[in-house]
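Positions are given from 1, in the same order as the sequence printed here.
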Amino acid sequence: MTWEIAFVLTALLCMLACLILELERPEIIVFTTLVIFLLANFISPEEALSGFSNEGMLTIALLFIIAGALQKSDLVKISLYKLLKPDDKEKKTMLKVLFPISAMSAFMNNTPLVTTFTPILKKWCEDNQLSPSKLLIPLSYATILGGTITIIGTSTNLVVHGLLLDYNLPGFTFFQLGIVGIPITLLGILYLYTIGFHLLPDKKGKRNVQEESKEYIGEVKITEEYEHINKTIKEARLRKLAGLYLLGIIRDNEMITPVTSSTIIKANDRLIFTGLISTVAELQSLKGVHLETNTGPLLEGLSSGKSKLVEAVVSHHSSLLHKKINETHFRGKFDAAVIAVHRKNERINSKIGEIVLKPGDTLLMVAGHDFQERNHFHEFYVVNTVNEEILPATISRRKGWFTILIMFLLVSLVALNFLSMLKAASLAAAALLIFKIISPEEAKKFIKFDVLLIIASSFGIGTALINSGTAEWIAKSILAIVQPYGIIFLLFIMYLITNLFTEVITNNAAAAMMLPIAVEVASQTSTNPVALAVIVAIAASAGFSTPIGYQTNMIVYGPGGYTFKDYLKVGIPLNLLVMAVTVIIVYTVWIL
């Protein structure tokens, strides 16, 4: 091992550790690694920037615009809502939902699909006394599986396609991945309907799942108007509030905990509590008890309808990550104020403003009418508007159908080889702008620049792996271990390594890191490089075993009331099934 290889491996291990520990936003970590390789002269400035002009990366940017236009139309949302019938049970609903969802995911970005359908399924289950936990993980998994059917089904496929073109290798055709994608989707849905259904938790009870599965952390301030000042907690009956537990009292910048029944309440005390969503909303009715969020008119507007309660999950690419709430200028940025925070399997003993936000945190917010406009689409996975109808009152059906027509033409032009993927996506995006289906301002909001930064930076990191000889060294190390056992064992190992990476870091970064190694392995074994590229593409998408393996898993994590173990129980068998089927098909079609 040369010092160059040792340096690159050390930098990559540090990057992986930072991503796993969530020390900073993923795009910052990956971009910083790229800069390190640039400064160390492992890549030239041109190679560092090559990812920003890569065909796959530019195509993904254009597809974000097209997917955003489809999401804006709400036609897809209403079509699914019409499939749901009050007398359907979970298993029947699963079949009615998963097949169309997986089919749509083959042509649409799966994140907006899951973001859109999660509140619909959740509310429908609650209204019909069914368990959302039986449907939301399958919803996420079905979109992941469906995304493997076409080249545009997921950004990961386009990343691998773009890298293949950079290496002067033939990229994927539009439906080529469907050779693997269709069988694993059908078998995956069958697994979820049979074995997986019994492994999924059943979190249905007397109260709705929204309240049972989730405790929030909130903060109130006691003012001079409170009638129980200088009385004990017991006398004030603060132990009697249904669904509320007092964690501590902040007085003169000191935390009093634990709080006993004999603790005296004083003016200006700040009470830190954990409670159910209904209790959080009711606290505002107590005289002298003020939710401490600087909400002002937003909180007062709840009764008049000018404001609304919104649950939203902090995304993996949010600018809020690793910041205290009171440092984010939340009110001015989003026209909303946080009144409570829920973090799965963790009790937060802190003032609301002092909570440092992490990916997957569920925020209960009082939101003004500008909240949706200011969300910027990548800050939150908005999963529920509390006590409000899911479907909008007015929908532009004409624009929706026009957008679907544009998508159909895009698919046809690429599938018939009339245009490349990039040219077809450019034409589709231009048509949406020219016919004013979306505005330029909306187009900018739909593009997830943080995701693009990860992808573009990952391309440069992949080049550093090649230039330093690291990719060749890793490939030889893998072959030295597995080559005696045959090519099919090699395929399993390449799949497994890629899949492990995608469970702990982003799927696109995993694909960009593994493809140079896969190409080098193909070169040293005289194997068809497309075979190993298919392995990397499928394995990088198949993040079923953890909530952090794929961002759609994180979207349904809170709303379904899941634990980390739920993903392990349901996801590991599905991962093994998909791995076995993928390797067998790749070996049969591209190797034999």
Side-chain angles (χ1 to χ4, degrees), residues 26-27 30-31 34 37 43-44 46-67 106-107 109-110 147-178 181 410-411 413-415 417 419-429 447-467 471 498 501-502 505-520 522 528-541:
E27 65 271 19
V30 177
F31 180 70
L34 174 69
F37 288 148
I43 50 175
S44 66
E46 293 76 18
E47 289 171 328
L49 295 172
S50 63
F52 294 89
S53 60
N54 180 272
E55 180 175 325
M57 196 278 294
L58 295 175
T59 304
I60 292 167
L62 294 167
L63 289 175
F64 279 145
I65 298 175
I66 300 167
F107 305 99
N109 186 283
N110 48 19
T148 63
I149 294 175
T150 70
I151 191 176
I152 64 171
T154 174
S155 57
T156 307
N157 297 346
L158 285 166
V159 167
V160 176
H161 171 74
L163 284 169
L164 286 172
L165 296 179
D166 279 354
Y167 299 152
N168 296 316
L169 294 169
F172 297 135
T173 59
F174 192 86
F175 287 108
Q176 188 173 16
L177 287 168
L410 180 153
V411 171
L413 289 170
V414 176
N417 293 321
L419 291 177
S420 69
M421 190 65 241
L422 177 62
K423 291 179 179 178
S426 301
L427 179 62
I447 297 175
K448 298 181 179 180
F449 291 100
D450 40 22
V451 176
L452 298 180
L453 181 59
I454 290 176
I455 294 171
S457 300
S458 298
F459 285 170
I461 292 172
T463 303
L465 283 171
I466 295 173
N467 292 350
T498 306
F501 274 150
T502 205
I505 64 174
T506 67
N507 50 328
N508 291 319
M513 285 175 54
M514 285 302 299
L515 192 68
I517 298 170
V519 170
E520 189 63 39
N528 184 352
V530 174
L532 289 174
V534 172
I535 289 286
V536 169
I538 301 297
S541 290

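The shortest heavy-atom contact between Ala425 and Ile66 is O-CD1, 4.0 Å. Smallest separation of non-hydrogen atoms from Ile447 and Phe64: CA-CB, 4.0 Å. The shortest non-hydrogen separation linking Ala509 to Ile454 is CB-CG2, 4.4 Å. Closest heavy-atom contact between Thr148 and Ser541: CG2-CB, 4.2 Å. Residues Ser458 and Ala512 approach most closely at CB-CB, 3.2 Å, considering heavy atoms. Residues Ala511 and Ala540 share a closest heavy-atom pair of CB-CB, 3.9 Å.
Note that the CG atom of Leu452 and the NZ atom of Lys448 stand 10.0 Å from one another [nearest 0.5 Å]. Put simply, CE on Met513 and OG1 on Thr498 are 9.5 Å apart, with the number rounded to the nearest 0.5 Å. Annotation: the span from Leu453 atom CG to Asp450 atom CG amounts to 8.0 Å, rounded to 0.5 Å. Between the CG atom of Leu163 and the CD atom of Glu55 there is a distance of 11.5 Å, given to the nearest 0.5 Å. Once rounded to the nearest 0.5 Å, the distance linking CG of Asp166 with CG of Asn54 reads 4.5 Å. Rounded to the nearest 0.5 angstrom, Ile151 CD1 and Asn157 CG are separated by 7.5 Å.
Looking at heavy atoms from C-beta onward, Val30 lies out of side-chain contact with Leu34 at the 4.5 angstrom threshold. The side-chain heavy atoms of Ile455 and Phe459, taken from C-beta on, include a pair separated by under 4.5 Å. In this structure the side chain of Val159 never reaches within 4.5 angstrom of the side chain of Asn507, judged on heavy atoms. In this structure, Phe172 and Val534 have side chains that are in contact, with non-hydrogen atoms separated by less than 4.5 Å. Side-chain contact between His161 and Thr59 is absent, with no heavy atoms from C-beta onward closer than 4.5 Å. For the pair Glu47 and Asn467, the minimum side-chain heavy-atom distance is below 4.5 Å. Two residues are said to be in side-chain contact when any heavy atoms from C-beta on lie closer than 4.5 Å; Leu62 and Leu422 meet this criterion.
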Please assess Lys423 against Val414 for the test side-chain contact (heavy atoms from CB on, under 4.5 Å), listing each intermediate value before the final yes or no. CA-CA 9 Å; Lys423 291 179 179 178; Val414 176; over 6 Å; no
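Evaluated for a side chain to side chain donor-acceptor pair (under 3.5 Å) with Asn508, the options Thr156, Thr502, Thr154 yield exactly one hit, Thr156. Applying the side-chain contact (heavy atoms from CB on, under 4.5 Å) test between Phe174 and each of Val411, Leu413, Asn417 identifies Val411 as the sole match. With respect to Val519, the side-chain contact (heavy atoms from CB on, under 4.5 Å) criterion is satisfied by exactly one of Val536, Leu532, Leu169: Leu169.
One N or O on the side chain of Ser53 and one on the backbone of Ser50 form a donor-acceptor pair closer than 3.5 Å.
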